[in-house]
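Beneath this line is the structure, given in structure tokens, with notes to follow.
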Amino acid sequence: MNIKQLLSDIVQKAMVAAGLPEGTNPAVSQSSKPQFGDYQANGVMGAAKKLKTNPRELATKVVESLTPALVSAGIAEKIELAGPGFINIHLDKAWLANQLAASAKDKQLGVTQREVPQTVVVDYSAPNLAKEMHVGHLRSTIIGDAVVRALEFRGDKVIRQNHMGDWGTQFGMLLAHLSDKLAANEVAETALADLENFYREAKVRFDDEEGFADRAREYVVKLQSGDAECDKLWQQFIDISITHSEEIYHKLNVTLKRSDIMGESAYNADLPKVIDELMAKEIAVEDQGAKVVFIDEMANKDGEPSVFIVQKSGGGYLYATTDLSACRYRSGELNADRIVIFTDARQSLHFKQVEIVARKAGFLPDNVAYDHCPFGMMMGDDGKPFKTRTGGTIKLAELLDEAVSRATELIKEKNPEIDSELLSEISRKVGIGAVKFADLSKNRTSDYIFNWQTMLSFEGATAPYLQYAFSRIQSIFRKAEVSANSISTKATITEPQEKALALKLLQLEEVLDSVISECTPNLLCNYLYELASLYMSFYEACPILKDDISDEVKTSRLALCANVANTLSQGLDILGIEVMDRM
RNA sequence: GUCUCUGUAGCUCAGCUGGAUAGAGCAUUCGCCUCCUAAGCGAAGGGUCGCAGGUUCAACUCCUGCCAGAGACGCCA
């Protein structure tokens with residue numbers, strides 16, 4: 001059910017009937033204020049301007065043919081013409097109730113499945129395996145995962161690609177250090193238990209220890225030339241590091257699996273071919289010893305093209321080469337209709353260049369969409385970015401543990417009697433949910449300041465608020481001694497709070513469509529918060545189990561409750577946030 | 001220097017293809033627990049939407065210029 005789409009189609013027909021050309025944008029949107037109805041159509045004004053006619057008169061004509069299509073059809077209660085040509089649509093309560101009843105029966109909550117499913121390759125998380133995951137990896141991981149779940153819910157085929165950083169010069173240093181540890185009879189698992197520390201040790205030796213840097217470079221060469229001993233060492237390192245990441249994914253309730261990993265190293269064999277093709281097609285040229293592409297499409301005012309290095313003068317490959325290879329693999333082998341990549345905003349220029357070059361080279365056909373979804377960096381309280389190499393970064397694992405322990409304290413305070421098993425389950429869901437929601441609810445591509453208070457807040461527009469709304473509903477069903485799933489009654493909508501709630505429930509599909517096309521889970525966060533908030537108002541204004549409430553009203557309201565509970569848990573599930581029956 | 005992103009309430013942020021009186025949360029102030037969970041509800045105050053022009057019936061939204069912050073820009077990713 002997509003009310004906006006439905007109304008758009010109807011209004012558009014009415015516009016054509018009023019003499020406007022086919023395809024005129026009806027500009028239907030949710031009304032900005034309650035007094036303007038539930039939806040408003042603003043398209044008449046723009047159209048009138050083009051035709052140089054009086055907008056008010058034109059709107060009158062549109063309303064004339066709109067009235068039978070909406071009011072007589074029972075969809076709208078009334079249609080009002082306002083201002084210079086606004087058409088305000090007040091939806092019919094009984095119609096809303098019917099739509100709601102229909103979506104309540106549907107396991108997809110009335111959200112229709114995509115008619116022609118797309119194959120969408122989503123590249124997200126992509127931690128650097130040389131180090132432990134830190135707060136900077138949070139955004140890509142959870143935003144990507146939410147979008148992936150939304151796509152799947154809508155019926156698209158998603159192929160997750162975890163483009164892990166498992167290659168590069170820094171591994172020479174790490175492998176040299178690991179090799180020494182193993183020679184000293186240490187076990188790899190133990191040596192690499194604290195990756196951060198291991199990296200630091202290796203770096204110190206690299207900077208200070210005589211001869212170590214040279215050995216590190218040797219290891220890079222050996223690694224790249226496929227030396228068996230070195231490869232084995234590398235494999236050990238990678239395996240253990242991946243296990244670290246998997247622990248984080250598990251804690252975060254993120255769907256990434258080992259099989260989704262397609263690290264940088266996976267493209268190694270293809271890189272020479274990429275370069276050969278670019279040279280053969282004369283897209284890349286040799287310049288100052290390196291192979292580069294001059295991109296005229298991105299020239300500056302003086303006509304100087306943008307430069308894109310695809311191979312270093314020493315013959316080494318760069319992430320540009322890898323990303324080009326990835327384009328070809330994803331469109332060619334994975335048959336992607338759309339490729340979505342979540343990385344921080346610093347890589348915006350890079351991905352713009354990749355797309356242009358990949359399209360020129362034919363690695364990326366025109367019918368494959370290529371969406372780089374950038375986001376801002378995580379900044380410290382001082383407004384300066386977290387430097388990955390200077391230490392002082394907050395490990396993701398530590399942040400998550402902190403969140404859970406803070407949640408534990410809060411719950412114990414509110415409910416001292418709680419048994420420990422339940423306590424740990426709720427703490428985990430609340431703590432992790434709070435961290436995820438704090439991040440997911442922001443869309444800004446600008447940088448944002450990392451702050452424990454914001455991240456771990458349990459009040460206001462937070463995950464616990466939504467979880468609380470859900471558990472309140474469960475509490476009602478417990479008290480009423482009926483199960484939410486057994487309610488088959490159609491809700492009757494009378495009170496304004498009930499109508500607002502019903503309308504909001506029916507807007508899930510609209511929201512999901514935006515989340516999917518724009519890659520913006522924050523819209524779903526907003527939606528769910530508004531839904532929960534409307535529910536809280538309903539809860540205060542419309543008693544359900546009180547003595548003076550008739551059975552009829554009671555079951556009607558219980559039906560609404562069931563619908564809200566399902567929508568909340570499904571919506572939160574898409575965000576990767578869990579709900580609980582009590583808290 | 002060039003390009004990109006950002007600038008909205010004291011703070012953190014929403015604001016959909018231009019629409020009607022710019023919205024939330026936190027913080028502040030005032031109400032509401034003889035119980036459908038107060039992690040809640042209701043209400044109040046709080047704004048030159050960075051600045052200045054322009055486009056038009058209408059601009060936070062589009063265009064130009066400027067100011068401020070961040071980032072990227074030939075051999076890191």
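Naming convention: chains lettered A, B, ... in sequence-line order (proteins, then strands); numbering from 1 in each chain. Side chains are part of it too, since the values below use all heavy atoms of this structure and drop only hydrogens, waters and symmetry mates. Quantities reported herein were computed from a predicted structural model and do not represent experimental measurements.
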Salt bridge (charged side-chain N to carboxylate O under 4.0 Å, His left out) contacts touching residues 520-542 of chain A (sequence neighbours left out): A:Lys504-A:Glu530
Within residues 533-556 of chain A or reaching into it, pairs that qualify as ring-ring contact (aromatic ring centres under 6.0 Å, His included) - sequence neighbours excluded: A:Tyr535-A:Phe538
Sugar-phosphate, base or nothing in reach of A:Asp344, heavy atoms under 4.0 Å: nothing
Heavy-atom pair of closest approach, residues A:Ala559 and A:Thr489: CB-O, 3.4 Å
Qualifying ring-ring contact (aromatic ring centres under 6.0 Å, His included) pairs, either residue in residues 289-324 of chain A, two or more places apart: A:Tyr319-A:His350
Counterpart residues, side chain to side chain contact (heavy atoms under 4.5 Å, CB included), relative to A:Ser265 (two or more places apart): A:Asp166, A:Trp167, A:Trp234, A:Asn268
Touch class at under 4.0 angstrom, heavy-atom based, for A:Ala48 against every strand present: nothing
Per-nucleotide protein contact string for nucleotides 1-9 of chain B, where B marks a base within reach and S marks sugar-phosphate only (heavy atoms under 4.0 Å, - for neither): -SS-SSS--
Sugar-phosphate only, base, or nothing, as touched by A:Tyr319 at under 4.0 Å among non-hydrogen atoms: base
Touch class at under 4.0 angstrom, heavy-atom based, for A:Met45 against every strand present: base
Dot-bracket notation for RNA chain B, counting Watson-Crick and G-U pairs under 3.5 Å, with | for partners on another strand: (((((((..((((.....[...)))).(((((.......))))).....(((((..]....))))))))))))....
Any side-chain donor near an acceptor of the partner, A:Thr520 and A:Asn443, under 3.5 Å: no
Touch class at under 4.0 angstrom, heavy-atom based, for A:Ser441 against every strand present: nothing
Pairwise ring-ring contact (aromatic ring centres under 6.0 Å, His included) hits with a residue in residues 511-534 of chain A, at least two apart: A:Tyr465-A:Tyr529
Rounded distance in Å between the C1' positions of B:rG7 and B:rA43: 32 Å
Sugar-phosphate only, base, or nothing, as touched by A:Phe36 at under 4.0 Å among non-hydrogen atoms: base
Touch class at under 4.0 angstrom, heavy-atom based, for A:Gln40 against every strand present: base
Sugar-phosphate, base or nothing in reach of A:Val44, heavy atoms under 4.0 Å: nothing
Contact state string [nucleotides 26-36 of chain B, B base, S sugar-phosphate only, - no protein heavy atom under 4.0 Å]: S---------B
Qualifying residues under salt bridge (charged side-chain N to carboxylate O under 4.0 Å, His left out), relative to A:Asp323, sequence neighbours excluded: none
Donor-acceptor side-chain pairing of A:Glu510 and A:Gln30 below 3.5 angstrom: yes
A:Val579: partners by side chain to side chain contact (heavy atoms under 4.5 Å, CB included), with sequence neighbours left out: A:Phe470, A:Ser569, A:Leu572
Residue pairs fulfilling salt bridge (charged side-chain N to carboxylate O under 4.0 Å, His left out) with at least one residue in residues 25-51 of chain A, sequence neighbours excluded: A:Asp38-A:Lys499
Touch class at under 4.0 angstrom, heavy-atom based, for A:Asp581 against every strand present: base
A:Phe294 side-chain proximity, nearest of B:rG74, B:rA70, B:rA77: B:rG74
Ring pair (Phe, Tyr, Trp, His ring centres under 6.0 Å) partners for A:Phe458, two or more places apart: none
Touch class at under 4.0 angstrom, heavy-atom based, for A:Leu410 against every strand present: base
Sugar-phosphate only, base, or nothing, as touched by A:Asp513 at under 4.0 Å among non-hydrogen atoms: nothing
